[in-house]
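The figures here come from the full heavy-atom set of this structure, side chains too, leaving out hydrogens, waters and symmetry mates.
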Amino acid sequence: MNMKEIEVLVPGIYSSIQDMGRPGYRAFGIPVSGAMDQVSPALGNSMLGNNVNAATLEMTFSGAKLLFHASASLAICGADMNPTVNNQPIGMNKVENVNAGDILAFGRAKMGCRTYVCIKNGFNVKKQYRSSSTYFPAGLGLPLLKKGMKLYFDDASHGQVPSFSRIKPPSFLFKSTKIEVTPGPEYHLLGKELLSCNFQISADSNRMGYRLAGPGNHAHSESILTSTVMPGTIQLPPAGNPVVLMRDCQTTGGYPRVLQVTEMGINILAQKRPGDEISFVMV
């Protein structure tokens with residue numbers, strides 16, 4: 001295997017290596033993790049002929065600057081962060097080829113907040129519990145990107161990928177404000193009340209969970225035994241502000257689980273910024 005190298009010149013904001021996560025270990029307290037928006041890296045990997053689970057680079061709000069020490073084929077999907085190679089704009093949602101010595105750089109996201117860099121054959125990161133995804137609190141995967149770090153990829157493709165294909169990403173991923181949900185185990189307590197409200201994404205949101213703020217008083221005194229939660233579970237703490245659990249969420253919780261966001265709903269939420277307005281719709 002002929003390993004090639006990429007040097008991190010600027011790390012960007014909360015940039016990490018992610019694949020489709022590590023399902024099957026929640027019974028041991030290990031979160032699923034994985035790409036927050038799983039549609040975008042799946043599209044990029046597909047254009048490159050990769051396995052959909054190939055490791056990609058996820059960047060949030062503002063992107064990295066990377067120096068390639070070998071040629072490579074890339075596909076950049078998700079939020080448009082104005083990607084450039086050697087200060088010249090390149091396309092989103094299509095295969096782009098770079099050469100040794102090229103610098104790939106990103107700015108701030110125009111719409112949405114997460115961008116994915118897919119590379120032919122995926123980034124080479126040791127799998128832990130069958131996944132290369134970074135889960136920073138437990139030290140799984142690579143740490144968050146930092147200046148001077150080296151990323152590696154396998155040059156087994158024997159040449160660059162022809163850049164004929166281009167895809168049009170689904171616009172609803174960035175524009176939709178309706179988040180589809182199903183009833184949670186404690187829906188009967190307070191879940192229905194949340195369906196008639198508009199909420200804003202709080203600044204106090206991250207890969208573990210999105211805190212929501214909205215009108216009305218949803219404070220309550222209901223309690224449950226600590227029970228299973230999963231990505232997409234909407235918990236309602238006593239103060240009444242819902243929390244949508246995201247990819248890095250814990251495996252159990254003690255707040256009522258009033259709604260459950262669908263898989264596509266999680267992908268849409270993953271591209272929302274603090275201050276964006278959403279509402280829930282039952283399916």
**Message:** Quick check for you: to the nearest 0.5 Å, what is the distance between Tyr129 atom OH and Tyr135 atom OH?
**Reply:**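 Tyr129 atom OH to Tyr135 atom OH measures 12.5 Å (nearest 0.5 Å).
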**Request:** Tell me yes or no: between the side chains of Asn82 and Lys110, is some donor less than 3.5 Å from an acceptor?
**Result:**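 Yes - a donor-acceptor pair under 3.5 Å links their side chains.
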**Request:** Check whether Met20 and Val39 end up in the same hydrophobic cluster, where Ile, Leu, Val, Met, Phe, Trp and Tyr are linked by side-chain heavy atoms less than 4.5 Å apart.
**Result:**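 Result: no, two separate clusters.
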**Request:** Classify the side-chain pair Gln271/Asp37 by whether it contains a donor and acceptor separated by less than 3.5 Å.
**Result:**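 Per modelled atom types, Gln271 and Asp37 side chains form a pair under 3.5 Å.
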**Prompt:** Between Gln260 and Thr182, does any side-chain donor sit less than 3.5 Å from a side-chain acceptor?
**Reply:**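 No, because no side-chain N or O of Gln260 sits under 3.5 Å from a partner of the opposite role on Thr182.
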**Asked** Is the closest side-chain donor-acceptor distance between Tyr14 and Arg207 under 3.5 Å?
**Response**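 The criterion, which ignores hydrogens and geometry beyond distance, is not satisfied for Arg207 and Tyr14.
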**Prompt:** Could you give the distance from CE (Met81) to OG1 (Thr115), rounded to the nearest 0.5 Å?
**Reply:**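 Between Met81 CE and Thr115 OG1, I get 3.5 Å after rounding to 0.5 Å.
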**Message:** Pairing donors with acceptors under 3.5 angstrom, does anything connect the side chains of Asn99 and Ser71?
**Reply:**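 Per modelled atom types, Asn99 and Ser71 side chains form no pair under 3.5 Å.
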**Asked** Can you tell me if Asp102 and Asn86 form a side-chain donor-acceptor pair at under 3.5 Å?
**Response**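 There is such a pair between these side chains.
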**Asked** Is the shortest distance from a Lys or Arg side-chain nitrogen in Glu96 or Lys94 to a carboxylate oxygen in the other one below 4.0 Å?
**Response**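 Result for this pair is yes, salt bridge flagged.
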**Item:** Residue among Ile201, Ile266, Ile278, Ile234 satisfying side chain to side chain contact (heavy atoms under 4.5 Å, CB included) with Val244
**Value:**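 Only one option passes, and that is Ile234.
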**Message:** Whether the side chain of Asn45 engages the backbone of Asn50 through a donor-acceptor N/O pair (distance < 3.5 Å, no angle test) should be reported.
**Reply:**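 No: the side chain of Asn45 does not pair with the backbone of Asn50.
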**Item:** Salt-bridge present (Glu7, Lys146; N to O < 4.0 Å)
**Value:**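 So Glu7 does not pair with Lys146 through a salt bridge.
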